[in-house]
Amino acid sequence: MTASAPAPAPAPAAPADERLAPVPLLRRLLGRPELGAVVGAAAVFLFFSFAADSFLRASSLSTVLYSASTLGIMAVPVALLMIGGEFDLSAGVMVTTSALVSSMFSYQMTANVWVGVLVSLLVTLALGFFNGYMLTRTKLPSFIITLGTFLMLTGLNLGFTKLITGTVSTKSIADMEGFPSARALFASQWTLGPVTLKVTVLWWAALVALATWILLRTRAGNWIFAVGGGADAARAVGVPVVRTRIGLYMGVALCAWISGQHILFSYDVVQSGEGVGNEFLYIIAAVIGGCLMTGGYGSAIGAAVGAFIFGMTSNGIVYAQWNPDWFKFFLGAMLLLATLLNAWVRKRAEAK
């Protein structure tokens, strides 16, 4: 009998692709841009829980949520814009512009208030398109473009209001047709025991959900991150940089319209000088929430948490009966600490 040939040695197993290996939960959490904001929100909540006896009341929570939502509605699109590597210094006065256009058009044309609301939407979106178009055509920094828009809108708001009404505020439109239904959409509230829930909280939650879905589940979200990471490289791989930037500015304009209608239908009249300086609060909320000033990194959820921190701080100081002049100090300190923490988180995420 002849000896059988030895069996061939088994082929070495192919090395597993490390990209498909499961990532530990802790490592995933450390890579999230909103991690610092969540930690900061927990710290602020615990601090004011002990510093102010009334902070944990249900009515106080209602006030905090309302303050956070009015800021958060604008902080979300501003965060997306910053992820795309740009800024909008006209966002604050654009809110006032949208309210003024809606109010004055409805009053002067003696039309249904919904006509003014729709005209305001078109005008505000046109302003967002103008910012994005000028940015892409002139190649100037967004700081310069939107600073110019900020100054022009500030002058137009005051000039047109005084020209048409003779004062610095609009006339009341509370008795006009369509006002109750518009107020129900933009400025209604519900009382559930000691808790009063404003409709802005629902607008805020819906915008956060929509923005998060866009960033994480759509091609447009990939475009936003790519443009913020490097416009030239993004353009080289086929990303529509111009459309993406214009779309981001129009997103800011859309949310400015929502905020402006809330102001109008909450108070019936609009002061033409409102909104100046609010653009910095939107940027601060986005930065506290994890957005980098250089673009390409951040999240809508983080911006929402940043707005919530703002709401807790601004109201917590009042509940603690401190001098409200200290609020800007706390806001600046939170901005610096959040920026340092976000940079540390980003480095750890890149290292992993």
Side-chain angles (χ1 to χ4, degrees), residues 67-84 86-106 116-135 142-143 145-158 160-161 170 182 185-187 198-200 202-204 206-208 210-211 214 245-267 270-286 300 303-304 306-307 310:
S67 298
S69 65
T70 54
L71 176 67
I73 287 174
M74 289 301 298
V76 168
V78 168
L80 265 63
L81 184 64
M82 291 181 65
I83 294 172
E86 305 297 343
F87 295 94
D88 190 349
L89 298 181
S90 67
V93 292
M94 195 183 298
V95 171
T96 306
T97 301
S98 71
L100 290 171
V101 170
S102 182
S103 176
M104 289 192 288
F105 189 89
S106 298
V117 169
L118 293 178
V119 170
S120 174
L121 174 61
L122 295 177
V123 171
T124 312
L125 288 177
L127 291 173
F129 178 85
F130 172 80
N131 280 338
Y133 180 79
M134 290 296 292
L135 175 74
S142 57
F143 177 88
I145 296 293
T146 58
L147 178 60
T149 307
F150 161 80
L151 294 173
M152 289 189 294
L153 290 181
T154 302
L156 286 173
N157 289 348
L158 179 60
F160 267 111
T161 304
T170 61
L185 179 61
F186 294 108
K198 302 276 190 176
V199 72
T200 51
L202 302 182
W203 278 106
W204 180 35
L207 288 171
V208 172
L210 176 61
I214 290 174
R245 285 174 168 167
I246 292 177
L248 287 172
Y249 277 103
M250 293 184 71
V252 174
L254 175 63
C255 292
W257 171 75
I258 295 172
S259 295
Q261 304 316 297
H262 168 71
I263 292 174
L264 172 60
F265 292 106
S266 293
Y267 304 106
V270 183
Q271 299 291 327
S272 59
E274 291 183 355
V276 177
N278 287 347
E279 58 278 351
F280 295 109
L281 299 181
Y282 308 148
I283 294 173
I284 289 171
F310 173 89

Can you find a heavy atom in the side chain of [X] that is under 4.5 Å from one in the side chain of [Y]?
| X | Y | answer |
| --- | --- | --- |
| Leu89 | Ile283 | yes |
| Leu100 | Ser272 | yes |
| Asp88 | Val78 | no |
| Phe186 | Val117 | yes |
| Leu207 | Cys255 | yes |

All side-chain hydrogen bond (donor to acceptor under 3.5 Å, both in side chains) counterparts of [X], not counting sequence neighbours:
| X | answer |
| --- | --- |
| Ser120 | Gln261 |
| Ser266 | His262 |
| Asn157 | Thr97 |
| Ser69 | Thr200 |

Search all heavy atoms of [X] against all heavy atoms of [Y] and return the closest pair with its distance.
| X | Y | value |
| --- | --- | --- |
| Gly84 | Leu248 | CA-CD1, 4.1 Å |
| Trp204 | Ala68 | CH2-CB, 3.8 Å |
| Val208 | Ala304 | CG2-CB, 3.7 Å |
| Ala79 | Ala303 | CB-CB, 3.6 Å |
| Gly251 | Pro77 | O-CB, 3.8 Å |
| Phe160 | Met104 | O-SD, 4.3 Å |

Distance-only, no hydrogens or angles: does the Ser98 side chain make a donor-acceptor pair with backbone N or O of Val95 under 3.5 Å?
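Flag set: sc Ser98 to bb Val95 pair under 3.5 Å.
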Passes side chain to side chain contact (heavy atoms under 4.5 Å, CB included), Met74 versus Val252? Steps please.
CA-CA 7 Å; Met74 289 301 298; Val252 174; 4.0 Å; yes
Ser103 and Thr170: side-chain hydrogen bond (donor to acceptor under 3.5 Å, both in side chains), yes or no, with the steps?
CA-CA 7 Å; Ser103 176; Thr170 61; 3.3 Å; yes
If the condition is salt bridge (Lys or Arg N to Asp or Glu O under 4.0 Å), which residues does Glu86 pass it with, not counting sequence neighbours?
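Here the qualifying residues are Arg245.
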Verdict with reasoning, Phe87 to Leu81, per side chain to side chain contact (heavy atoms under 4.5 Å, CB included)
CA-CA 6 Å; Phe87 295 94; Leu81 184 64; 5.6 Å; no
Starting at [atom1] of [X], measure out to [atom2] of [Y] and round the result to the nearest 0.5 Å.
| X | Y | atom1 | atom2 | answer |
| --- | --- | --- | --- | --- |
| Leu135 | Tyr249 | CG | OH | 5.0 Å |
| Leu125 | Met250 | CG | CE | 4.5 Å |
| Met94 | Thr154 | CE | OG1 | 11.0 Å |
| Thr146 | Leu127 | OG1 | CG | 12.5 Å |
| Leu264 | Ser106 | CG | OG | 7.5 Å |
| Ser102 | Trp257 | OG | CH2 | 8.5 Å |

Start with the C-alpha gap between Thr124 and Leu254, add the side-chain angles, then the distance that decides, and say whether side chain to side chain contact (heavy atoms under 4.5 Å, CB included) holds.
CA-CA 7 Å; Thr124 312; Leu254 175 63; over 6 Å; no
Mind checking what makes side chain to side chain contact (heavy atoms under 4.5 Å, CB included) contact with Val199, not counting sequence neighbours?
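Counting only residues at least two positions away or on another chain, Val199 forms a side chain to side chain contact (heavy atoms under 4.5 Å, CB included) with Ser188, Trp190, Trp203.
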